K.L.:
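Mind looking over this structure? Questions follow.
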Amino acid sequence: MEIQEIRAFLAVAEELHFGRAAQRLHMAQPPLSRTIRQLEKGLGTPLFERSTRSVRLTESGRALVEPARAVLDAVRLAEMAVTAAGRGRTGRVRIGFAGSSSHHLVGRWAKLVRRTHPGIEFVLAGSSYASEVVNRLAEGTLDIGIVRLLFFPPGIATRVVAREDLVVGLPREHRLAGRTSVRLDELADEPWVMLPAEPGSMLRELLLRLAHDAGFTPRIVQSAPDSLSLAALVSADIGCTLTVSSVAQHVVNPEVVFVPLDGQPPIDVRLVWREDDTSQALAEVLRLSEEALPTPGVAPSE
């Protein structure tokens, strides 16, 4: 049974008139009659009782009406699904992000995707380090990420979505806790607590570089796996820590004070994705990111 035969059958079944059915299908009546005869021959049973005055469905014809409609509905759904996928309206996009401070960025973006493109599955995959996100992009196990990194490998496209200030986390009773800002060289003799020395641990690498420029080597006395654990170490007066302003906003610990680091440029937070990724769903999600997460200082796209 061909799709065109099913369409012809339903047109006649609903019109009960070959002339009107042919007009509805934008075809001449003789080819329509031949199509119906061919369908009846293939099924081995008449579908219509014809006379010079009327056309009626046979019992077999009545039995075919609902299955035929279901077939055409399925065809229309398939066509719509293919069209939607081609326009980026359906699909699966996997996003990785490093650190709890990125949650609010991801949440704002995911909310817009869910509201405007419910056919896109936006899969969230948190990660401890930005370098891991970039590695998984290269491997193809992620489609897009939100990271803080200073350098990116070839083939990775990026766009800035936020800028964050560097801050120093200090115990509440620290001698510099009441300052509006602090220079790094004022902390040359302090112990430090930082994230582990993993590849791509940007803040630890940045501390080493900035301290070198300030003329000292930081004494890192303990590591912790995340920002909340670092804040606990700071509150216990084990050391101070270097972090970014978004972490300071999301870490609630009354025993820790975050003071801006003086004289340092902001840190860029970037979207990252593979330059050669041709996914239409990814392209649509990236387009929506310009509305949800516009580049600072740049108006969102219309």
Side-chain angles (χ1 to χ4, degrees), residues 1-95 109-124 140-144 157 273-292 300-302:
M1 201 184 304
E2 302 291 337
I3 295 298
Q4 64 180 15
E5 293 176 340
I6 295 175
R7 288 197 173 103
F9 164 74
L10 279 178
V12 177
E14 290 168 358
E15 298 290 344
L16 292 178
H17 191 284
F18 275 80
R20 288 195 299 269
Q23 191 175 27
R24 171 172 153 181
L25 294 171
H26 306 289
M27 64 188 299
Q29 185 173 332
L32 174 59
S33 298
R34 287 196 297 270
T35 299
I36 296 299
R37 285 197 298 270
Q38 181 178 329
L39 176 59
E40 291 176 323
K41 182 178 179 181
L43 293 174
T45 183
L47 300 173
F48 298 98
E49 294 176 357
R50 306 163 176 85
S51 71
T52 55
R53 293 186 178 183
S54 66
V55 175
R56 297 180 185 177
L57 283 163
T58 64
E59 187 173 347
S60 296
R62 287 192 294 272
L64 181 58
V65 170
E66 289 307 318
R69 285 174 177 160
V71 169
L72 288 191
D73 286 344
V75 169
R76 281 192 287 269
L77 286 174
E79 291 171 345
M80 289 169 60
V82 171
T83 300
R87 293 176 179 173
R89 293 283 172 174
T90 63
R92 187 168 185 257
V93 176
R94 301 157 299 176
I95 177 170
W109 186 16
K111 183 178 180 180
L112 179 62
V113 172
R114 185 174 64 252
R115 176 169 58 83
T116 60
H117 293 64
I120 293 179
E121 184 185 5
F122 205 42
V123 182
L124 308 184
T141 57
L142 287 177
D143 304 302
I144 196 166
W273 65 96
R274 293 185 302 279
E275 289 179 344
D276 61 357
D277 196 322
T278 59
S279 164
Q280 290 298 314
L282 175 62
E284 194 64 15
V285 165
L286 284 171
R287 184 187 67 79
L288 291 172
S289 77
E290 296 178 3
E291 177 181 345
S301 300
E302 293 295 334

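Values in this document were obtained by computation on a predicted structure and should not be read as measured data.
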K.L.:
Quick check: does any side chain N or O of His117 sit under 3.5 Å from a backbone N or O of Gly119, one acting as donor and the other as acceptor?
P.N.:
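It does not hold such a pair.
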K.L.:
Show the nearest heavy-atom pair for residues Ile120 and Ala281, with the distance to one decimal.
P.N.:
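Looks like CD1-O, 4.2 Å.
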K.L.:
Please give me the minimum heavy-atom distance between Leu286 and Ile144, naming the atom from each residue.
P.N.:
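Heavy atoms of Leu286 and Ile144 come nearest at CD2-CD1, 3.2 Å.
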K.L.:
Sub-3.5 Å donor-acceptor pair from the side chain of Thr45 to the main-chain atoms of Ser60, do we have one?
P.N.:
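No, the answer is negative, given that no donor and acceptor are paired below the 3.5 Å cut-off.
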K.L.:
Test side chain to side chain contact (heavy atoms under 4.5 Å, CB included) on Gln38 and Glu2 and set out the steps.
P.N.:
CA-CA 10 Å; Gln38 181 178 329; Glu2 302 291 337; 5.6 Å; no
K.L.:
List the atom of Leu57, the atom of Arg62, and the distance in Å for their closest heavy-atom pair.
P.N.:
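For Leu57 versus Arg62, the nearest heavy atoms are O-NH1, 3.1 Å.
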K.L.:
Assess whether side chain to side chain contact (heavy atoms under 4.5 Å, CB included) is satisfied between Phe18 and Arg50, documenting all intermediate values.
P.N.:
CA-CA 10 Å; Phe18 275 80; Arg50 306 163 176 85; 3.7 Å; yes
K.L.:
So do Val113 and Val93 actually touch side chain to side chain, heavy atoms under 4.5 Å?
P.N.:
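In short, these two side chains do not touch, never coming nearer than 4.5 Å.
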K.L.:
How many angstroms lie between CZ in Arg274 and CG in Asp143, if you round to the nearest 0.5 Å?
P.N.:
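So the CZ of Arg274 and the CG of Asp143 are separated by 5.5 Å.
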K.L.:
Taking the basic N atoms (NZ, or NE/NH1/NH2) and the acidic carboxylate oxygens, is any pair closer than 4.0 Å for Glu40 and Arg37?
P.N.:
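Salt bridge absent between Glu40 and Arg37.
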K.L.:
Other residues, nucleotides and ligands only: do more than 12 of their heavy atoms fall within 6.0 Å of CD on Gln4?
P.N.:
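Counting neighbours around CD of Gln4, 12 or fewer heavy atoms of other residues, nucleotides or ligands fall under 6.0 Å, so no.
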K.L.:
To the closest 0.5 Å, what do you measure between CD (Gln29) and CZ (Arg20)?
P.N.:
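CZ of Arg20 is found 11.0 Å from CD of Gln29.
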K.L.:
With rounding to the nearest 0.5 Å, note down the distance linking CZ in Arg115 to CG in Leu288.
P.N.:
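Rounded to the nearest 0.5 Å, the CZ-CG separation comes out at 9.0 Å.
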K.L.:
In terms of heavy-atom contacts, does CD of Glu15 have more than 12 from other residues, nucleotides or ligands at under 6.0 Å?
P.N.:
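Atom CD in Glu15 is crowded, with more than 12 foreign heavy atoms closer than 6.0 Å.
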K.L.:
I want to check something: taking the side chain as every heavy atom from C-beta on, are His17 and Gln23 in contact at a cut-off of under 4.5 Å?
P.N.:
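Answer no - side chains too far apart.
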K.L.:
Taking all heavy atoms of Ala292 and all of Trp109, pick out the closest pair and write down the distance.
P.N.:
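Minimum heavy-atom separation between Ala292 and Trp109: CB-CA, 3.8 Å.
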K.L.:
With rounding to the nearest 0.5 Å, note down the distance linking CD1 in Ile95 to CG in Leu282.
P.N.:
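The distance works out to 10.0 Å.
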K.L.:
Identify the two heavy atoms, one from Leu32 and one from Ala22, that lie closest to each other, and give their separation to 0.1 Å.
P.N.:
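Smallest interatomic distance, heavy atoms only, reads CD2-N, 3.5 Å.
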K.L.:
How long is the straight-line distance from CG of Leu142 back to CG of Asp277, given to the nearest 0.5 Å?
P.N.:
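Between Asp277 CG and Leu142 CG, I get 11.5 Å after rounding to 0.5 Å.
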K.L.:
Is there a side chain to side chain contact (heavy atoms under 4.5 Å, CB included) between Leu72 and Ile3? Walk through the geometry before answering.
P.N.:
CA-CA 8 Å; Leu72 288 191; Ile3 295 298; 4.2 Å; yes
K.L.:
How long is the gap from OG on Ser289 to CH2 on Trp273, to the nearest 0.5 Å?
P.N.:
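The distance works out to 7.0 Å.
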K.L.:
If you count the non-hydrogen atoms of other residues, nucleotides and ligands that lie under 6.0 Å from CZ in Arg56, is the total more than 12?
P.N.:
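Counting other residues, nucleotides and ligands, CZ of Arg56 stays at 12 neighbours or fewer.
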K.L.:
If you compare all heavy atoms of Ala13 against all heavy atoms of Val65, which two are closest, and at what distance to 0.1 Å?
P.N.:
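That would be CB-CG2, 4.3 Å.
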